[in-house]
Asker: 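Next up is a structure, given as structure tokens.
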2 protein chains.
Amino acid sequence: MPTTATDSARTARKSTKETPSIQSLDRGIQILELVGRSALPVSLGHLAAVLEIDRSSAFRLATTLKRRGFLANPSAGKDYILGPSVWRLSRQYDWSKMLATVAHEHLKALAVNTNETAHLAVREGRKALFIDHSTTPHVIAISGQTGELVPLYCTSHGKALLADFDEQSLGALFGDKPLQAWTRNTVLTTAKLARHCEEIRVRGYATDESEFLDGVRCIAAPIRDRAGLVIASIGISAPVARFPAEREKEFAGHVTAAALQIGELIGAQHKE
Amino acid sequence: MPTTATDSARTARKSTKETPSIQSLDRGIQILELVGRSALPVSLGHLAAVLEIDRSSAFRLATTLKRRGFLANPSAGKDYILGPSVWRLSRQYDWSKMLATVAHEHLKALAVNTNETAHLAVREGRKALFIDHSTTPHVIAISGQTGELVPLYCTSHGKALLADFDEQSLGALFGDKPLQAWTRNTVLTTAKLARHCEEIRVRGYATDESEFLDGVRCIAAPIRDRAGLVIASIGISAPVARFPAEREKEFAGHVTAAALQIGELIGAQHKE
DNA sequence: TAGAGCTATTGCATAATATGCAACAGTCGG
DNA sequence: CCGACTGTTGCATATTATGCAATAGCTCTA
């Protein structure tokens, strides 16, 4: 079995270090990934061909997956699609926990690199929810409360999360209620907000020039999944004194890099 | 290995008939299910205990799963939570396809039992989308176009999908635009619609008394996942001539039973 | 209708693979 | 500093997954 040797060699150099992977489980997962990736139902032959294993093996793996509800047969015939169990699993789970987990090290790195407080946020209705943060030992620090809800339209995280919204969607989201002015800089119209969003899409990051809290500047970048959808945001906050305009580019670099890395982690997929 | 013998015996008598299940893949899936079900991170020892396998085996299975991103370790330590891959899989997938698949046989059975056209629908914004249908050989039949979009507020499917909405949420959904009157019976206010919804929650099914198309009566029931959320609807349509009031109870029984069965299928989970 | 060519499915012998055991390492709490 | 616990690795064994080959079901076409 020459394939096996090559395979384990590739696997070995990977992440954890070198605990051997269980072959049949790994193959089962590959089947799930393959079927999940394909828009059309996948035939048994196709599975076997891609994994380079015998049809009978593919059949038995697929059958096991089907018994557990991870695969299903479209009404028509015998090709495979993902089953209800995958859905169930993802539904009953609190994903912000997972996000926080995989992103935590990057968050910490960002805090260290910039020497400022870093936050991780997701959208929750008309608010941004901080699901994790990492501080640095500063006398004056932006208090980062994980679990805190802040408005979308006047924070860097909020605006990063809105990056792909146009004026119409913004209107649909915020309704006709006027936006509350938190500081002199708060953006108050969806029209202006839409222009901000456009800029965010172009630059890759959002700013908050004391639009929510006086004396605080923030930068945040949208985290996108492999399909390009914004699923979260990562950024830093600092008192204006420590965040002069000339540092923006430097900070932005760190923030967008972190966002990209996390996005790739979420969308990560092993070869073969 | 006495555990193994007992285990395979249990597995063998299961569903599809008797193609043997692949042990290690099956165990890996059990781990996923277990971790997915648990609110708290799961320790290696716990995994081994529940599956009744050795700690080392559990470790190797979990490691394989982790390599593929199906498990992850919370920032803290070495316990397991579900990983990003599960999310990815569920995200990039069109679930209405899967729903149609698992529900198709029930849909067909419903059409046969009632001898009328049966439909399966999901909510798509402010519309109900028919994702599958099954007809019976009638001269006069309600044409069931899979892929068709119909209004939510004046169809049995639509109202079933709105079952858990109160007047406020209805207002948020439909805005202040007045509802279009399709027939003399169309419900035109969110207040009245909210009362319908309440009735649907109590009775378990929604009706359409020619509120969208004259001369057509429909019944539909919400399909709920294990958490109780409405995810789809199933129902039948018939010309008024074939659908006298006295048959409503009979039809409703069929429809709600089908909805329940599909919901259980979606939420299905293997023992052990 | 028969048959060719396809795909799914099952039987079986073999060897590779997953497994349990046992030893090791790392961590926490006293 | 020691003991109890959990995670991790080595290794020998036999269980288990695998590939091959044969069968069964299906579709298309001649």
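Hydrogens, waters and symmetry mates play no part in the numbers below; they use all other heavy atoms, side chains included. Order of the sequence lines sets the chain letters (A, B, ...), proteins ahead of strands, with each chain counted from 1.
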Asker: Nearest of D:dG19, C:dA18, C:dG20 to any side-chain atom of A:S56?
Answerer: D:dG19
Asker: Considering residues at least two apart in sequence or located in another chain, which fulfil the salt bridge (Lys or Arg N to Asp or Glu O under 4.0 Å) criterion with B:R123?
Answerer: none
Asker: Return yes if some donor-acceptor pair links the side-chain N/O of A:S38 with the main-chain N/O of A:L34 below 3.5 Å, else return no.
Answerer: no
Asker: Between D:dA17, C:dA8, C:dG20, spot the one nearest the side chain of A:L44, thanks.
Answerer: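 Output: C:dA8.
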Asker: By ring-ring contact (aromatic ring centres under 6.0 Å, His included), which residues pair with A:F59, not counting sequence neighbours?
Answerer: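 Checked A:F59 against ring-ring contact (aromatic ring centres under 6.0 Å, His included); zero matches.
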Asker: Please pick, from D:dT8, C:dT9, C:dG20, the nucleotide with the shortest atom-to-atom distance to any side-chain atom of B:K78.
Answerer: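 Output: D:dT8.
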Asker: With sequence neighbours excluded, what pairs up with B:H106 under the side-chain hydrogen bond (donor to acceptor under 3.5 Å, both in side chains) test?
Answerer: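 For B:H106, the residues satisfying side-chain hydrogen bond (donor to acceptor under 3.5 Å, both in side chains) (neighbours in sequence not counted) are B:Q261.
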Asker: Rounded to the Å, how far apart are A:L61 CG and C:dA8 C1'?
Answerer: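 Spelled out: CG on A:L61 to C1' on C:dA8 is 15 Å.
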Asker: Would you please say whether a donor-acceptor pair under 3.5 Å links the side chains of A:R27 and A:S24?
Answerer: no
Asker: Restricting to salt bridge (Lys or Arg N to Asp or Glu O under 4.0 Å), what partner residues turn up for A:R60, sequence neighbours left out?
Answerer: none
Asker: Sequence neighbours excluded, which residues qualify as ring-ring contact (aromatic ring centres under 6.0 Å, His included) partners of B:Y93?
Answerer: B:W95
Asker: Compare the minimum distances between each of D:dG7, C:dG20, C:dA18 and the side chain of B:S24, then state the nucleotide with the smallest one.
Answerer: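 From the listed options, C:dA18 comes nearest.
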Asker: Measure from CZ on A:R55 to C1' on D:dA21 and round the result to the nearest Å.
Answerer: 13 Å
Asker: Report the distance from atom CG of B:L65 to atom P of C:dA18, rounded to the nearest whole Å.
Answerer: 14 Å
Asker: If you check every side-chain atom of B:Y80, which of D:dT8, C:dT9, D:dG7 has the closest atom?
Answerer: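 Nearest listed nucleotide: D:dT8.
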Asker: Can you tell me how far C1' of C:dA18 sits from CZ of A:R27, to the nearest Å?
Answerer: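 Going from CZ in A:R27 over to C1' in C:dA18 covers 13 Å.
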Asker: In whole Å, what is the span from the CD1 atom of A:I22 to the P atom of D:dT8?
Answerer: 14 Å
Asker: As a test of reading the structure: which of C:dA8, D:dT18, D:dG19 is closest to the side chain of A:S43, going by heavy atoms?
Answerer: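 Nucleotide nearest to A:S43's side chain: C:dA8.
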Asker: Compare side-chain N and O positions of A:R60 against OP1 and OP2 of D:dG19 and report whether any pair is under 4.0 Å apart.
Answerer: no
Asker: Between the opening five pairs and the closing five pairs of the helix from C:dT1-D:dA30 to C:dG30-D:dC1, how far apart are the helix axes, to 10°?
Answerer: 40°
Asker: In whole angstroms, how far is the P atom of C:dT9 from the CG atom of A:D79?
Answerer: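 Interatomic distance, CG of A:D79 to P of C:dT9: 11 Å.
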